[in-house]
Amino acid sequence: MKELSQKVRAAKKSKIRELFDLASGKSDVISLGIGQPDFPTPEPAIQGNIEALKNGITRYAPTRGVPELLELIEKKLKKDNGLNTSWKENIILCNGGSNAITLAFASLFNPGDELILSSPNFVSYFYCSSFFGIKAIEIERNSDFSPNIENIRNSISKKTKAILINSPNNPTGYALSKKEFEEIMELVLENDLYLISDEVYENYIYDDLKHISPASYEEMFERTITINAMSKLFSATGFRLGYVTASKEIIDLMEKYLQYTIAGTNHAAQYGFIEALKMDVSFFDEILKKFNERRLFVYDRLKEIGFGVVKPRGAFYIMPSIRDFQISSHEFSMKMIKEKGVALVPGDIFGSYSDDKLRISYATTMDKLKEAMHRIEDFIKEL
Ligand SMILES: Cc1ncc(COP(=O)(O)O)c(C=O)c1O
């Protein structure tokens with residue numbers, strides 16, 4: 001038989017799925033592995049979806065999305081992100097933030113082009129880059145997970161097409177300061193690059209830090225692709241709805257790509273998203289308060305147990321260092337789930353600079369977090 005796709009075969013199977021497989025069937029396992037919020041999807045989103053199905057919304061949707069939804073997204077972008085868009089030209093709906101990443105890659109890059117990103121970073125960026133023949137240039141983050149702007153600057157070459165940022169970040173929990181945003185934007189402008197800004201965690205930000213959308217800077221709009229999704233704000237990862245904001249030229253390319261690959265997104269779910277966007281976003285205030293308590297608890301406990309740990313500034317992840325324990329991240333997480341029933345994600349899946357780290361998601365109840373920290377503490381004592 002002839003050889004199957006090298007690019008796809010070279011991608012490792014998701015370690016997160018592997019962990020779930022190990023955990024399945026064991027009732028006592030606590031998962032700190034999953035990247036989705038634990039609160040229920042708001043009722044209006046669910047009802048909107050159900051009503052749409054009952055009303056016969058069961059056929060193809062317009063490729064770019066239902067106009068009423070795009071108009072609401074336009075308003076949201078203006079109000080929350082300071083973006084001046086036209087829903088007819090600058091917004092396209094897609095299948096979650098994940099699909100938004102492939103749309104960005106499909107529309108911007110030619111094989112051999114280089115994409116600069118800080119590492120550790122979200123796992124899909126690396127594999128999707130290779131699927132599109134893009135050379136991902138990983139710049140190791142500073143020890144507090146801030147981007148190393150100087151090294152980013154020095155790695156820009158003639159082949160560099162874009163810089164990718166994800167703030168607040170998965171897996172580090174880092175959120176860029178205004179100064180860092182502006183330094184990166186300056187690099188983009190000086191070197192005639194594009195900026196891909198993945199903002200799916202924009203609402204999960206702590207300590208009075210403010211999220212910034214680079215596309216809100218006038219000179220950046222034409223060269224920024226902004227990625228967002230319904231998934232994290234509305235705890236609706238299964239709706240599979242995301243959206244991209246960019247220049248008309250880029251969105252037109254994305255529409256073509258989407259047409260031939262996905263042919264639009266789930267039609268009825270879009271009506272659920274419409275109802276979700278009509279909600280007052282203050283519904284999230286109490287939820288964020290809870291996430292903040294969890295963040296501080298997990299940070300304090302990990303420090304107490306003896307991990308090297310950086311206090312996260314956003315998202316719902318923390319990335320402790322296991323350097324002092326003389327064990328690889330893979331071995332740590334496999335042993336941890338087998339011996340103590342706690343699922344943690346090994347750092348090595350998030351790029352080349354995190355085999356000495358773990359990713360912990362604190363999107364679970366305080367009771368479970370307390371028990372998990374207790375088990376982790378026992379595990380470390382027995383190491
Ligand atoms: C940084 C980042 N971008 C994009 C996504 C994809 O989001 P979605 O579930 O909407 O596809 C995720 C999911 O965890 C993520 O962490």
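Just so you know, ligand 1 is whichever comes first in the structure, and atom 1 is the first atom listed for that ligand.
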(Q) With a 6.0 Å cut-off (strictly less than), is the heavy-atom count around CD of E218, excluding the residue itself, greater than 12? (A) no

Q: For K159, look at atom NZ and say whether over 12 heavy atoms of other residues, nucleotides or ligands are found less than 6.0 Å away.
A: no

**Q.** Pair N170-R359, side-chain donor/acceptor within less than 3.5 Å
**A.**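 Checked: N170/R359 side chains pair up, N/O donor to acceptor below 3.5 Å.
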
**Q.** Donor on one side chain, acceptor on other, D280 and S282, under 3.5 Å
**A.** yes

Q. What do you reckon, does S98 have a nitrogen or oxygen under 3.5 Å from a nitrogen or oxygen of ligand 1?
A. yes

Q | Polar proximity ligand 1 side, Y201 side, N/O cut 3.5 Å exclusive | A | yes

Where ligand 1 meets [X] - atom numbers and elements under 4.0 angstrom, heavy-atom basis:
X    : answer
G96  : 10 (O), 11 (O)
Y125 : 1 (C)
A229 : 10 (O)
N166 : 1 (C)

Q. According to the interplanar angle, ranging from 0 to 90°, do the rings of F273 and Y243 count as parallel (below 30°), tilted (30 to 60°) or perpendicular (above 60°)?
A. tilted

Q) When the ring planes of F316 and Y201 are compared, do they come out parallel, tilted or perpendicular, using 30° and 60° as the limits? A)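 Ring orientation, 0 to 90° scale: perpendicular.
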
Q.
Any atom of ligand 1 sitting under 4.0 Å from a heavy atom of F239?
A. no

Protein heavy atom at shortest distance from [atom]:
atom                    : answer
atom 9 (O) of ligand 1  : R240 NH1, 3.2 Å
atom 10 (O) of ligand 1 : S231 OG, 2.5 Å
atom 8 (P) of ligand 1  : G97 N, 3.3 Å
atom 3 (N) of ligand 1  : D198 OD2, 2.6 Å
atom 13 (C) of ligand 1 : K232 NZ, 3.2 Å
atom 12 (C) of ligand 1 : F122 CZ, 3.4 Å

Q | Residues N148, S118; criterion side-chain contact (heavy atoms from CB on, under 4.5 Å); working and verdict | A | CA-CA 8 Å; N148 188 325; S118 294; over 6 Å; no

Q. How does F316 reach ligand 1, if at all, at less than 4.0 Å between non-hydrogen atoms: by side chain, backbone, both, or neither?
A. neither

Q: With rounding to the nearest 0.5 Å, note down the distance linking CG in D355 to OG in S329.
A: 4.0 Å

Q) Does the ring of F297 carry R294 above it, NZ/CZ under 6.0 angstrom from centre and within 45° of its axis? A)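 Judged by the rule, R294 and F297 form no cation-pi pair.
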
